[in-house]
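Computed from a prediction, not measured in an experiment: that's the story for all the values here. Protein chains get the first letters and strands the later ones, always in sequence-line order, with residue 1 at the start of each.
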Protein chains: 2
Amino acid sequence: MPDAADPAPMNAPSRRKFRREGEERRRQDLIEATLDCVAELGLQGATLRTIALRAGVTAGLIRHYFPGKEELLQEAYTALVGRMTEQAKAALVMEDASPRERLAAFITANLNPPIIDARVFSLWATFLGRASADPTLARAHREGYLGFRNEVEAVVAEVLAAEQRKLDAGQLRHHAIAINAIIDGLWIEGCLAGEMFSPGELAAIGIKAVEAELGLAPLEQFQEK
Amino acid sequence: MPDAADPAPMNAPSRRKFRREGEERRRQDLIEATLDCVAELGLQGATLRTIALRAGVTAGLIRHYFPGKEELLQEAYTALVGRMTEQAKAALVMEDASPRERLAAFITANLNPPIIDARVFSLWATFLGRASADPTLARAHREGYLGFRNEVEAVVAEVLAAEQRKLDAGQLRHHAIAINAIIDGLWIEGCLAGEMFSPGELAAIGIKAVEAELGLAPLEQFQEK
DNA sequence: TGGCTATTTATACACTTGCACAACAAGGCC
DNA sequence: GGCCTTGTTGTGCAAGTGTATAAATAGCCA
C-alpha cells in the first residue's frame, strides 16, 4: 500500500529518461556489466537488478535481449573465454621472429598484465567452479582450453623443428600439456598474489621452466647475469 | 492461510523426531553438508535450507552453531584448505626413502585420485573466485598455498643436497615456484578433464617436467621404455 | 510534422532467502 | 521417575529474487 505521506507527489509521473541504443551495443554493455558484477560480487551478487544498474538501464530490459538470466551468464562466460584465448594467442602473431623468440614472447605475454589480472582470475574461477555441474560452461571452457593447448603444441613443434629435433606425436602432446600446466600454474600464482613477485619474475621463471622441459639451452637474452 | 482441506489433521502436532548430537559432530556434519552443497550447487545454491536438509536437520539449527551463513562458509573453506594441504603433505612422510623417491611420490600423489577430484576442484574454484573480494577467504588460501610451497621447497632442497648441488635462496625459491606451478597446472587439467588422460599419465608428465626443471637425470624406474 | 513501432521503463507477483523467536522434547542429573 | 537444561524444531517476517506484462516514449520514416 502506498505511503499516504509521499514526500514528492508534486507532478506525479516523472518517468526516467532514456536513450535507444543499437542492439549490439546494448548486448555488449549488458554482458560487460554482468562480468563486472560476477567479478566483484560473485554469482550470487550478480542479480538482474545489480547488472542493470551497472549497465545504466532498468532490470526489465534484460529480458528484452536475453531469454533469462542463465542465458545472459552463459553468453558472458563465452565472451570471457573468447577474449582470454584471443588475447593469449595474439602474442603469437609476430612476423619475422624465430620460433624460440615467439615462444618466449608468448610466455612473457601470458605472465604479465593484462593477462595476469585479478578480475579475470576471479571470473575464471567463479565460472569454472560451476563447470562440473553445467555442461554449457564445461564445453565453453574445454574449447578455449584445447584451442590454447593446440597453439602451444604448434609453437613447440616449430621450436623443435628449428633445432632439428624429431618427436613423435605422443611426446609432443606431453610437452604441450606440461608447458600448458606451467603457464596456467604461474598465471594463477600471479593473479592471486601478484605483489609477491617482482615485475617480469614470473615470466623469467616460466621461460626457464619451459626451456628445461624442452631441453633447450637458454637464449642469451634471457640468461642470468 | 492454512488449507481448510488439510489432508492429515488427525492429531494435530506430529513434530519431527530428532536426536541430540555432540557439538563437534554437528558442526562437522554441517560443514560437510555445506561443502557438498557448494560443490554441487554453487554458492548461490548453498542455502541454509538446502544445507540443513543435507545435514539431516532443519534450517534453524544452523544458527545455533554458527553466527550466520557467512561464518559457516568461511569455516567450511578453512576446513577444505586444511584437508587439501594435509592430504598433499601426507605423501611426503615416507620414512627411509631417498629425497628423489619422496619427491616423485609427492608428485604422483598430487596427480592422482583422491587429490585429483572434480568435487574438490569445484570447491577450490568456487571459493577462490571470491577470494579477491573476501579477505578472510584470501588469507585462508594464502596460508594453505604457502604451506604447500614451503613443503615443495624443502624437498627440493633435500634432493639437490643429495646431488651435491648448492643453490642460493633465490634459485631455490624459483624452483619451488615453478614446481608448484607444474603441479597446480596439471592438477587442474586432471580435475577438469580427467578422462582425457590415461591413469598415471599426468603423474608421469609431472615427474618428467619437475626433473627437467631441476636438471636431474631420470630415475630408472620412471624412464621411458 | 505526425504517427508507428520497438525499445525501455515501471509495476506486480509468486517465490526464495537469511534471520529471529517461541514452542518443544531429548536425555542427563538428582 | 521427575525435572531442567539446551539442542532442535517450526513458524513468521522483511528483504530480495527472477519473471511477466502493461504503460510510456524515443526516434525513424513518410
**Q** Distance check needed: C:dT9 P versus A:Lys17 NZ, whole Å only.
**A**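 After rounding, the reported distance stands at 12 Å.
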**Q** Between A:Glu32 and A:Arg26 (salt bridge meaning N to carboxylate O under 4.0 Å), is one present in this structure?
**A** no
**Q** Base, sugar-phosphate, or nothing: which does B:Phe66 touch, judged by heavy atoms less than 4.0 Å apart?
**A**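 Touches nothing.
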**Q** In terms of side-chain heavy atoms of A:Thr58, which of C:dA10, C:dA23, D:dG27 is nearest?
**A** C:dA10
**Q** Between D:dA24, C:dC24, C:dA26, spot the one nearest the side chain of B:Arg15, thanks.
**A** C:dC24
**Q** Using a heavy-atom cut-off of under 4.0 Å over every strand shown, decide if A:Glu21 touches base, sugar-phosphate, or nothing.
**A**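 Touches sugar-phosphate only.
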**Q** Please determine whether a side-chain nitrogen of the Lys or Arg among A:Arg173 and B:Glu201 lies less than 4.0 Å from a carboxylate oxygen of the Asp or Glu.
**A** yes
**Q** Taking only Lys NZ, Arg NE, NH1 and NH2, and the carboxylate oxygens of Asp or Glu, determine whether A:Glu23 and A:Arg25 approach each other closer than 4.0 Å.
**A** no
**Q** In terms of the nearest nucleotide of DNA chain C, which residue is placed more toward the 5' end: B:Arg63 or A:Ile62?
**A**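 That would be A:Ile62.
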**Q** Do the non-hydrogen side-chain atoms of A:Val120 and A:Trp187 ever get within less than 4.5 Å of each other?
**A** yes
**Q** Between C:dC19, C:dT7, D:dG10, which nucleotide gets closest to the side-chain atoms of A:His64?
**A** C:dT7
**Q** Among D:dT9, C:dA10, C:dT8, which is the nearest nucleotide to the side chain of A:Leu61?
**A** C:dT8
**Q** Rounded to whole angstrom units, what separation is found between the CG atom of B:Leu53 and the C1' atom of D:dT8?
**A** 16 Å
**Q** Nearest to the B:Phe18 side chain among D:dT6, C:dA26, C:dT9, which nucleotide is it?
**A**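 Output: C:dA26.
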**Q** For the pair made of CD1 in A:Ile51 and C1' in C:dT8, what is the distance, rounded to whole Å?
**A** 17 Å
**Q** Would you mind classifying the nucleic acid contact of A:Arg49 as base, sugar-phosphate or nothing, using non-hydrogen atoms under 4.0 angstrom?
**A** base
**Q** What contact category does A:Arg20 fall into here, base, sugar-phosphate, or nothing, at under 4.0 angstrom with non-hydrogen atoms?
**A**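 Base contact.
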**Q** For A:Arg19, answer base if it contacts any base atom (sugar-phosphate contacts may also be present), sugar-phosphate if it contacts only those atoms, and nothing otherwise; contact means non-hydrogen atoms under 4.0 Å.
**A** sugar-phosphate
**Q** Taking the basic N atoms (NZ, or NE/NH1/NH2) and the acidic carboxylate oxygens, is any pair closer than 4.0 Å for B:Arg149 and B:Glu151?
**A**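 No.
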